[in-house]
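Data block below; observations after.
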There are 2 protein chains.
Amino acid sequence: MNSESTSSAPAALIPSSVTSNGSAVTASSNVEYRNASATGEIPSYDGDDRARATDFANYFCSYAQLYHQKQMLTDHKRMEAYYDAIMGNADVFRDKVVMDVGTGSGILAVWAAHAGARRVYAVEYTDMANHARRLVEENGVGHVVTVIQGAVEDIDPQSLEGGKEAMECNDGCIDIIISEWMGYFLLRESMLDSLIRARDKFLKKNTGLMFPSHTTMYFAPVMDEEERKTSVKEYTSSMTDWNDFVESTKTMYGVDMGALDSAFQREQKEYYLLSSRWCELRMEQVLAEPCMVKYLDMCTCTLEESRGILRGAPGSSFDFDVVGEDDDTASSSLNPMPARHAVVSGFSGWFTADFKSRTDADGSMAPKISHPTLLSTGPENGYTHWGQQVFHLLSNIPVIRGQTTRIKGELELARNKDNARLYNCRVRFSTTRRRTGEPKAAGTVLMNGPVIETVYQIP
Amino acid sequence: MNSESTSSAPAALIPSSVTSNGSAVTASSNVEYRNASATGEIPSYDGDDRARATDFANYFCSYAQLYHQKQMLTDHKRMEAYYDAIMGNADVFRDKVVMDVGTGSGILAVWAAHAGARRVYAVEYTDMANHARRLVEENGVGHVVTVIQGAVEDIDPQSLEGGKEAMECNDGCIDIIISEWMGYFLLRESMLDSLIRARDKFLKKNTGLMFPSHTTMYFAPVMDEEERKTSVKEYTSSMTDWNDFVESTKTMYGVDMGALDSAFQREQKEYYLLSSRWCELRMEQVLAEPCMVKYLDMCTCTLEESRGILRGAPGSSFDFDVVGEDDDTASSSLNPMPARHAVVSGFSGWFTADFKSRTDADGSMAPKISHPTLLSTGPENGYTHWGQQVFHLLSNIPVIRGQTTRIKGELELARNKDNARLYNCRVRFSTTRRRTGEPKAAGTVLMNGPVIETVYQIP
């Protein structure tokens, strides 16, 4: 017996980018949705020590490594957005009390101090807190930044500057909460829960600012055949290996492992075909105008909203037009993203994070952000360590010359039952075809596709 | 923020073999030994739910995957040894009550049934138990094998066949315990603890058999320069990257990360240079007669013994002669493994497992094993998924033509403080040189090396 995965060190040294995937076999999968009615809470914070420990082992360990911090710190799109948002809005940071939720190596806290904050509380759960303390000291802002090791949920507001008065007047003691909490497709990692709890506990209700202030999730049909085909090949090859293995085990050791065929197949299918893939898409791979599937105002969003995208929720439906051009329409710019010789390989999801003024009614008195900043992890913005998540179809959809393929359906995103930091994603859609140029609703339907439903893991 | 290691599925699909490592820089490291006085218990079983959950997350998850089971089941040296040991000794299995501790997919339990056992209890902690149940049924031994999902420590003896009588007469109810519990360098994974507890709770004291019955750990100096140099290069390259990163972060974002130089260096050094490496050594890479560093009688070994190799314990010292041949001695076979143009790159550790008759005084009445079997994970036996663990020296030791290098020292093996399933290994030695052919103790000392001490992780 031997398990290589008891070691956390090597895993964290694996590059974040997952690039393998590929091409399709069957339509309309009937995979059981393991998390259909998920209302899963983050196991860390339901008072269950056992769950909290599992969560720690699963989640926090990698963030305790400088190697992993370095990977995030060399994501220059990420770094520049936060740097510009903080340093470019030094006027709102001047003399303020700031909290950095999940400070890691502490760099955002240092910038907040450089921008003129009076006091910065840098909260970090892992032992990375020790390194943050050191970084803060050596960068000469030790008198401004206080590193607190622990869960932000466990911090006593009274222990913070102005905390006592804040509790008496029933308002928060923190002027600005900064945090880089976003995971793949925004929600993976489920760190948003901690941020919301920190906001409700510490942020000044009417004048407090969230950095970022708003986040948006996008979804679009994409062409990614090479990767899709690779995944399918890997899956097929893995099943061939299994069949050989079953045969040889029967011959050599008199045991028929065939009883586990379907269990193994399911395991491999989930791994190779029913998991989203990290990808760095080029713009020309995006086949239709991306659709906004969720918009979160960080000042008002709720724990409920952080759980995912509920079936039937606003934004959860999508309606794409993938234009197969013909010679006449080639130059007519009917669609910003016309697809020639294209196939729809699947869908892709990503997010953007805004650093801008408050837009909620309660926040009208809050300081205005004079230099709004946008961090996009979309294909138009180039590399970020988040990349895009691609959900490959089991069968691709060819785009026909002169016809427009309409893909209409809905997206559901829910926490994984076994690990609430991970998500399952259900995509349900059907396609129709009409002649390119005819109106979306009223065009003659040339072909009506079946309803396709697939449930993916976001691993 | 994004952590790729929250996902357990991809990790388990990484092949078990770790092959990267390399060449040396400095002698005599001064690494703090993080586990010097370790008396760590397995966190699963000290009644601490939090520790148990962490242990589960760290340890058991990969064993719940068929993909990982398949890796072990295609290790034919492993499979053949167990198959031969069980089926070749069907006479001792006939009509017996057998327990398989950590049955995984259940194959050893099926063999025990095939060998004629009356009743087999197959114990498995993970959900793999469901697959084992299926395998057992489909292979027609469902009436013999009972799969029990849970920790073996939690099973009530009264629930087993003969359990009640056994408790009344203060003897066990199990005739034979089979288990494949061995990890890298035998002890990694610390599953032996569970086996010992199962033995003391269930095995018939005087007539019970353990399969395997005895295990032995070996240690030897080896030549493995290519891998050693690769590790050193990777380490150096990682530090170069870090220095670039520190410079650019200072320039671009006004933060000096240099404060974390030594912490990052330490992290990388532990990963690249102070971790043992999985290796499949060839016999000619072994430079001296391997030394037996621990011998365990599975019928009598204690929890204390399972903890590792204590400083000064019997077997913990080694005394190797690495013979640098000259033309005269080339054909004289002074040493079974003469090294020409060799360098000592480090040490290697592996183990063997015997399936033979009991040798302890209390077991003289136990059934004799008519067909003893040996499973070796040493370089003489070819590929097993355990391979050998190689501990590279930070500076190699050249072997001089016509001189014999004596390497005398001691080995200490203790559980990692943070994860009791993992081990730290301290190697302390010094070298002397004499003319080849002169007696070990009385030869003229041509050179006296310093004391070198290095602490490795077994990841």
Less than 4.5 Å to any heavy atom of chain A: does that hold for the side chain of B/Gln69, its backbone, both, or neither?
neither

At a 4.5 Å cut-off on heavy atoms, which part of B/Val110 comes close to chain A: side chain, backbone, both, or neither?
side chain

Counting only non-hydrogen atoms closer than 4.5 Å, does [X] touch chain B with its backbone (N, CA, C, O), its side chain (CB onward), both, or neither?
| X | answer |
| --- | --- |
| A/Phe264 | both |
| A/Ile458 | neither |
| A/Met87 | neither |

Measure the shortest side-chain to side-chain distance between [X] and [Y] over non-hydrogen atoms and say whether it is less than 4.5 angstrom.
| X | Y | answer |
| --- | --- | --- |
| A/Lys70 | B/Asp241 | yes |
| B/Gln65 | A/Glu267 | yes |
| B/Leu73 | A/Met257 | yes |

Tell me, out of B/Met252, B/Arg78, B/Glu137, who's got the most heavy-atom pairs with chain A below 4.5 Å.
B/Met252

Within residues 242-251 of chain A, which residues come under 4.5 Å of chain B, heavy atom to heavy atom?
A/Trp242, A/Phe245, A/Thr249

Can you confirm whether the side chains of B/Tyr253 and A/His114 place a donor and an acceptor under 3.5 Å from each other?
no

For the student: nearest non-hydrogen atoms of A/Asp256 and B/Leu135, plus distance:
O-CD1, 3.4 Å

Please list, chain by chain and in numerical order, all residues satisfying side chain to side chain contact (heavy atoms under 4.5 Å, CB included) with A/Glu138, sequence neighbours excluded.
A/Arg134, B/Ala259

Give, for atom CD of A/Gln265 and atom CG of B/Leu66, the distance between the pair rounded to the nearest 0.5 Å.
12.0 Å

